[in-house]
Trainee: 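I have a structure I would like to understand better, so I am pasting it below and will then ask my questions one at a time.
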Amino acid sequence: HEQGEMLMVHIVNVQNITYRFKSDDYLPDLYVKCYLVVGNRKVAKKKTRTCKSDREPEFNEMLKFDLEFGKSILQVNLLEDGGKFGRNTLIGETLIWLDNVNLQSGVKAWYKLMLQPMPRVSPDRLRASDR
């Protein structure tokens with residue numbers, strides 16, 4: 001990564017959420033929060049607006065990050081807004097290892113949100129430990 005490079009993340013929408021909400025007809029207020037992680041440090045944070053009362057929100061927002069040196073991870077969280085005095089709830093998370101993505105050509109992909117926080121271990125290290 002060269003100094004001055006920008007990472008542009010287009011958050012389009014969320015579909016087929018498997019999280020169990022309070023009831024089948026409950027409509028949550030959802031937003032996406034992204035962190036740029038280098039090592040164990042969250043070096044930048046950006047978030048979308050909150051989509052009110054929607055289980056399949058359309059965000060269509062561009063989040064821009066200055067790329068840091070080193071092995072970077074983009075952590076993408078879907079959260080339910082708890083309101084002024086409530087607690088925000090993690091609905092799902094995915095980690096994208098930027099070393100494994102061709103950032104020059106751009107990537108259009110769906111990423112599955114996991115209900116539990118994911119370990120920040122490179123997929124290469126996970127595969128090596130499976131042997």
Side-chain angles (χ1 to χ4, degrees):
H1 306 295
E2 293 177 23
Q3 196 163 8
E5 283 187 310
M6 294 285 293
L7 173 65
M8 302 193 37
V9 180
H10 188 191
I11 305 292
V12 179
N13 63 1
V14 178
Q15 296 178 354
N16 304 319
I17 297 172
T18 58
Y19 181 84
R20 291 191 191 275
F21 290 103
K22 298 173 188 176
S23 66
D24 289 343
D25 59 347
Y26 176 73
L27 295 174
D29 298 340
L30 299 174
Y31 67 98
V32 174
K33 186 184 286 186
C34 295
Y35 296 97
L36 188 62
V37 181
V38 177
N40 288 326
R41 264 187 42 236
K42 293 177 179 173
V43 296
K45 165 178 73 172
K46 306 279 181 181
K47 70 179 194 173
T48 66
R49 76 189 186 292
T50 300
C51 288
K52 302 277 187 189
S53 303
D54 196 345
R55 282 194 181 209
E56 294 197 345
E58 294 277 339
F59 295 102
N60 199 25
E61 291 187 43
M62 191 70 71
L63 306 178
K64 298 177 185 178
F65 293 90
D66 289 323
L67 274 180
E68 298 281 328
F69 288 99
K71 294 185 179 279
S72 298
I73 298 170
L74 183 68
Q75 176 181 335
V76 181
N77 294 348
L78 177 66
L79 297 138
E80 179 183 6
D81 189 336
K84 196 170 190 175
F85 300 107
R87 189 166 184 267
N88 296 342
T89 304
L90 179 66
I91 303 301
E93 171 184 276
T94 194
L95 300 178
I96 303 165
W97 281 262
L98 299 180
D99 294 3
N100 298 344
V101 175
N102 183 346
L103 298 176
Q104 299 304 320
S105 63
V107 175
K108 288 184 181 183
W110 284 95
Y111 290 93
K112 184 177 177 91
L113 295 173
M114 308 308 288
L115 297 178
Q116 300 293 321
M118 298 173 65
R120 288 193 187 132
V121 177
S122 142
D124 297 333
R125 289 186 48 203
L126 281 175
R127 280 194 292 274
S129 67
D130 288 342
R131 294 181 196 149

Trainee: What's in the same ILVMFWY side-chain cluster as V12, cut-off under 4.5 Å, chained through other members?
Mentor: none
Trainee: Let me confirm one number: the OH-CG distance from Y35 to N77, rounded to the nearest 0.5 Å.
Mentor: 6.0 Å
Trainee: List in chain and number order the residues that pass side chain to side chain contact (heavy atoms under 4.5 Å, CB included) with T18, two or more places apart in sequence or in another chain; answer none if no residue qualifies.
Mentor: L115
Trainee: I need the L36 CG to K42 NZ distance, nearest 0.5 Å.
Mentor: 12.0 Å
Trainee: What verdict does the side chain to side chain contact (heavy atoms under 4.5 Å, CB included) test give for L79 and T89, after you've listed the backbone C-alpha separation in whole Å, the side-chain angles of each residue and the deciding distance to 0.1 Å?
Mentor: CA-CA 5 Å; L79 297 138; T89 304; over 6 Å; no
Trainee: Apply side chain to side chain contact (heavy atoms under 4.5 Å, CB included) to L90 and Y19, showing your working.
Mentor: CA-CA 10 Å; L90 179 66; Y19 181 84; over 6 Å; no
Trainee: For C51, what residues pass the side chain to side chain contact (heavy atoms under 4.5 Å, CB included) criterion, not counting sequence neighbours?
Mentor: R49, P57, F59
Trainee: Could you tell me the separation between the CD atom of E56 and the CD1 atom of I17, rounded to the nearest 0.5 Å?
Mentor: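 Spacing of CD (E56) from CD1 (I17) equals 7.0 Å.
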Trainee: Sequence neighbours left out, what passes side-chain hydrogen bond (donor to acceptor under 3.5 Å, both in side chains) with N16? Give chain and number order.
Mentor: none
Trainee: Report the residues that fulfil ring-ring contact (aromatic ring centres under 6.0 Å, His included) with Y111, sequence neighbours left out, ordered by chain and then residue number.
Mentor: none
Trainee: For G83, does its backbone N or O pair with a side-chain atom of D81 as donor and acceptor, under 3.5 Å?
Mentor: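 It does hold such a pair.
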Trainee: May I ask you to list the residues sharing a hydrophobic cluster with M8, side-chain cutoff 4.5 Å, ordered by chain and number?
Mentor: M62
Trainee: Give, for atom OG1 of T48 and atom CG of L30, the distance between the pair rounded to the nearest 0.5 Å.
Mentor: 9.0 Å
Trainee: Can you sort out the partners of Y26 under side-chain hydrogen bond (donor to acceptor under 3.5 Å, both in side chains), two or more places apart, ordered by chain and number?
Mentor: E80
Trainee: Please answer: with hydrophobic residues joined when any side-chain heavy atoms are less than 4.5 Å apart, are F65 and V107 in the same cluster?
Mentor: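 Looking at the clustering, V107 is in the same group as F65.
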Trainee: Any chance you could measure K47, atom NZ, to I11, atom CD1, to the nearest 0.5 Å?
Mentor: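 The distance works out to 14.0 Å.
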Trainee: Can you list the residues that meet the side-chain hydrogen bond (donor to acceptor under 3.5 Å, both in side chains) rule with Y31, with sequence neighbours excluded?
Mentor: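 For Y31, the residues satisfying side-chain hydrogen bond (donor to acceptor under 3.5 Å, both in side chains) (neighbours in sequence not counted) are N88.
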Trainee: Check the pair V14 / L78 against side chain to side chain contact (heavy atoms under 4.5 Å, CB included), numbers first and verdict last.
Mentor: CA-CA 9 Å; V14 178; L78 177 66; 3.8 Å; yes
Trainee: How would you list all residue pairs meeting salt bridge (charged side-chain N to carboxylate O under 4.0 Å, His left out) that involve residues 16-30, not counting sequence neighbours?
Mentor: D29-K52
Trainee: Show the nearest heavy-atom pair for residues L27 and R55, with the distance to one decimal.
Mentor: CD2-CG, 4.2 Å
Trainee: For D54, enumerate each residue passing the side-chain hydrogen bond (donor to acceptor under 3.5 Å, both in side chains) test, keeping only those at least two apart in sequence or located in another chain.
Mentor: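 D54 satisfies side-chain hydrogen bond (donor to acceptor under 3.5 Å, both in side chains) with no other residue.
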Trainee: Return the set of residues passing salt bridge (Lys or Arg N to Asp or Glu O under 4.0 Å) with E58 (not counting sequence neighbours), or none when no residue passes.
Mentor: none
